[in-house]
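In what follows, a single structure is set out as C-alpha cells and then discussed.
Scope of the values below: all heavy atoms of this structure, side chains included, with no hydrogens, waters or symmetry mates. Quick caveat, the model's predicted, so the values are computed rather than measured.
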Amino acid sequence: MSLAAVDVHPGLNPAQQQAVAHFEGPILVLAGAGSGKTRVLTARVANLIEHHGVDPSRILTVTFTNKAAGEMRERIGRLLGSEPRGMWSGTFHSIGARMLRRHAALVGRTPNYTIYDETDTLGVIKRLMERQRISARDIAPKAISNRISDAKNSLSTPEELAASSMDPITRAAAAVYADLEPEMRAGNAVSFDDLLVLPVRVFRDHPEIRDRYSEQFRFVLVDEYQDTNRAQYQFIRSVAHAHSNVMVVGDDDQSIYGWRGADIRNILDFERHFPAARVVRLEENYRSTPNILAVANAAISSNVGRKGKTLRATLPGGEQVTEVATLDERDEAEWIVEEIKARQSRDGIALSDAAVLYRTNSQSRALEDSFRRHAMPYRLVGSVRFYDRREIRDLVSYLKLIANPWDDEAFRRAVSVPKRGLGETSIDTLGEISRKAQLPMLETAGRADLVDVLRPAARKALGEFSEMIARMRLLAAEASVDELLRDLIDTIQYGAYLQVEGPESARERSDNVNALISGAAELVVEEGGEVGLTPLDHFLQRAMLIAGVDVLDSSADAVTLMTLHNAKGLEFPMVIVAGLEDGLFPLGQSIDEPSMLEEERRLFYVGVTRAERKLYLTHAETRRRNGETMPSMRSRFLKEIPAGMLEERKTIKLRSLGRRSMFVDSPSRATWGERAVRRNHGTPEWRKPAVDRDVDASQDEALYVRGERIKHKLFGGGTIAEIAGAGRDVKAVIDFDDENVGRKTIKLAYTTLERGLG
DNA sequence: GGCGCCCGTTTTTTT
DNA sequence: AACGGGCGCC
Ligand SMILES: Nc1ncnc2c1ncn2[C@@H]1O[C@H](COP(=O)(O)OP(=O)(O)OP(=O)(O)O)[C@@H](O)[C@H]1O
C-alpha cells in the first residue's frame, strides 16, 4: 500500500501524497509556511477513514485553536461526504479538559470542576502569598505565577522547583506552588496548565488508563507541533504509547511560543523521540507570490541553527512588497485605512481579504480609531478576550459559583458585585473560618453558627447571598443557561448596577451582557458520550477555553485586526504588518537576548508568510507608548532584507515634515526606553562605554561602565562586569561583594544603583 | 469596617 | 493611557 503514491486526494503534490498515504508508524512533516501541512493533515485523516477503514472514534487530532479544529472537521466532512463522527479534535487544553472530566475523581475533582483562567489563578496565588507572608510588593505575583506555570509545563513538582531555586523569587514560587494544588483541589478547580498536566499525571499514575486511550486512539495527529511544550509532548507520547502512530506537522521557523514553555526541540528531536520516524519535507509554497516568499526567506535566514528548509514559490509574479514609512502611529493607521480603501475601489478586494497584524495588542487602539473615523468595518481578534471583560467576569463568577459551590474564587468576586456591604475584612475573616472548618466559603456564609464573629450587617448580607445562590442552584437544575442568566441579572439588578458604575460605558457593557445571554442560548451540547454534566457545566467549561480567534467570523466583510501570534496558521490575500520598529518589533526586551530575538524574527516570518498576494510593512518615526511619545527606529528586521526586495514609500505627512526635523530641537530625546538607563551624572568622557555611543550619538549623559563600583539597595556593593542590551532593556552583569549574592544580571530600567561607592 | 478616589506603575505575545 | 494599590474619609 505504502509504495503506491496513489492519487488519494486531488490537489496534492507527490510529497504531500506520500505523507497523506502514510498509514502506521511515526511521521514528521517538516516544512515551511504555506506548504500545505495543514492540508496534508486534513487529507490524511480523511484517507485513514476512507481508504483504511479507520473508525473516526479511533482518531485524535490536535490543532492550535478550536476554530482550526472545527474547520478541519468541516473539510474532512466535505472530503468524505459526512462528518467524522466520534473523532476527537481540539486544542490540547480542550482535549485535556474532556479527559479530565472522565477521570476527575483521580485528581480529587468532580467532573464539573471549574477551569480557572489566568486571572483566577493569580487571585489564588495572591492569597496564598498573603498567607505565607510574602509581600506582593517584594515579589510580583505575576512573577510567581509565571514560574509556577513554567514548572508545570515542564512537569516539575513543587519539590523539584524548590530544589532548583537559586533566587528568592523561585524560592517563593516553590513555596506557593506547594500550596497551590491543595488549594485548587479544595476549590474543585484546575488552572489552564492543569488541563495538560493533570491528564499527564493520570497517565503516569494509572498506566491502564493510558493504555485504554492508546488503544482507543490508534492514530494521533498534531498540527503546529513546533509550539508544543514538554507536558504536551508527554501527553502525545502517552496516548501513542501502544503504537507510535503519530503524525506531527510543523515548522521550526514558526515556533513563537517559547515564552510560555514551548520547546522547539520537540520537533527537532522527533526522530529521536519516535525512532524509525518517517520524515517528509514539503518544499512548494502554495500561498504567497515569489516576492513575498523572497522577503520571508531573507528574513528568516538571519536566524542561526535552523534545521534548514527549501521553500519555492508556485504562484506566479505578483506585486513588490511595500515598505511604508510613516510619521506616527496615527499617520500609520490613517495610511493603512486609506490604502485598503484605495485597493477596495481600484482592485476590488473585499475587506475580509485584508488583515493588519501587529506585535502588541495596544497597537490596535490607533488602528481602531482610524477605522472608525473612516467608517470602515473591522473586527478585532483577541485583544480583550470576551470572557475577560469585567461585566462578563462578574456574571460568569455567579455561574461558576452556582455550578461549583466550592469555588471560593468565584465566591469572592460574586459576593462583592454588586456591593453588599461586605468588605475585605469580613470576606477574609469568612475565608479563614472556612479554611479552619474545611468548608467552602459559600457553605460557611450560610451557616449562622460559624459566622457569629462577624458584624450583624455582614452576617445578614452573607445569609441572603447564600440563600440567593441556593435558589439559583435549584433553578439551574431545570432551566437553560440563558434563562438562568436572565433570572440572575434580574435578581441582582445588574443592569442598574452597570448604570451606577459608569453611565458612559453602561450601554456597551449591557450589549456584552446580551451577547453572553445569546451565546448561552445558542449552546449546543453535542459532545458524544459524555453524561452527568448539566448544560451550565458544559457552557462554563467550554466558555473558559474559547480563544480570540475562535470567534473570528471570516465571512463578514471586514478587515481583520490582530496580533501576529493570533495570525498563526491563517492566510489573507493582503497583509499589513504594522509597527516594524526596534523596541516594538522586535520587542525591546528581546533585542539583546539572541534566543529571544530569534523568536521575534520567527514571528516576523510568520507575519510575512500570512500574505498571499500583497504585503505591506509599515513603521512610524515616533510612537506613543505608556502615554509618552518616543522616537523609534526602523526595525532591524527590515534592514536584514536586501535592498531591492522592498519598494519604499513614505506617507505625505512624513514627506512634508521632512525626516528627523522634529527632533532637531530635542536632542536629548532618547529612543524607546533608552532614557531608562540615562543617569545625570558627570561621568568623565573616558568612562563612557564606546559600544553604546552609536546608539545615539547625541547623548551626553552617562551610562554605567564596566568596572564601575555601584551599590544596589538589596544586594549591596558590587562591580559592573558587563553591560548588555539597548534601551529599556539594558542589563548589567554585576559581581556583588556578598558571596551569597555573587554574580547577577540586573535590568537597569527597574533598579536604582548608587554609584561611585566603595 | 467599607468604599471611593488619587497616585504611582507599567513586559509582550495566549490557552 | 489604564489599571491597581494604598490611603483617607464617611
Ligand atoms: N498541492 C496544493 N495545491 C494547491 N494548493 C495547495 C496545495 N497544498 C496546499 N495548498 C494551499 O496552500 C495554502 C497553504 O496551505 P496550508 O495552510 O495547509 O499550509 P501550512 O503549511 O499549514 O501553512 P502554515 O505553516 O503557514 O500554517 C492553502 O491555501 C492551501 O489550500
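Taking 4.0 angstrom as the limit, A/Arg625 places none of its side-chain polar atoms (N or O) nearer than this to OP1 or OP2 of B/dT11.
A/Leu195 comes within 4.0 angstrom of no nucleic acid atom, judged by non-hydrogen atoms across all strands. Residue A/Lys568 is classed as having no contact, given no heavy-atom separation below 4.0 Å to the nucleic acid. Using a 4.0 Å heavy-atom criterion, one finds that A/Tyr257 contacts the sugar-phosphate atoms exclusively. A/Lys419 comes within 4.0 angstrom of the backbone, heavy atoms only, and of no base.
The residue among A/Gly421 and A/Glu118 whose nearest nucleotide of DNA chain B is located toward the 5' end is A/Gly421. Positionally, the nearest nucleotide of DNA chain B for A/Thr425 lies more toward the 5' end than for the other of A/Phe192 and A/Thr425.
If you take CD1 of A/Ile256 and P of B/dT15, they are 11 Å apart, rounded to a whole angstrom. Distance, A/Asn626 CG to B/dT12 C1': 12 Å, rounded to whole Å. Spacing between atom CE of A/Met129 and atom P of C/dG4 amounts to 16 Å, rounded to whole angstrom units. With rounding to whole Å, A/Ile95 atom CD1 is found 15 Å from B/dT15 atom P.
With hydrogens and angles ignored, no donor-acceptor pair closer than 3.5 Å exists between the side chain of A/Gln589 and the base of B/dT12. In terms of polar N and O atoms assigned as donor or acceptor, the side chain of A/Arg359 never comes within less than 3.5 Å of the base of B/dT12 in a complementary pairing. You won't find any donor-acceptor pair under 3.5 Å spanning the side chain of A/Trp259 and the base of B/dT12, going by distance alone.
Side-chain proximity of A/His565 to B/dT13, B/dT15, B/dG2: nearest is B/dT13.
In this structure, A/Phe64 and A/Tyr257 have tilted ring planes: the angle between them lies in the 30° to 60° band.
Checked by atom type, the side-chain pair A/Arg230/A/Ser154 shows no donor-acceptor distance below 3.5 Å. Under 3.5 Å, the side chains of A/Asp252 and A/Ser255 contain no donor-acceptor pair of N or O atoms.
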side-chain hydrogen bond (donor to acceptor under 3.5 Å, both in side chains) for A/Thr622 and A/Asp328? Distances and angles first, verdict last. CA-CA 5 Å; A/Thr622 68; A/Asp328 53 23; 4.8 Å; no
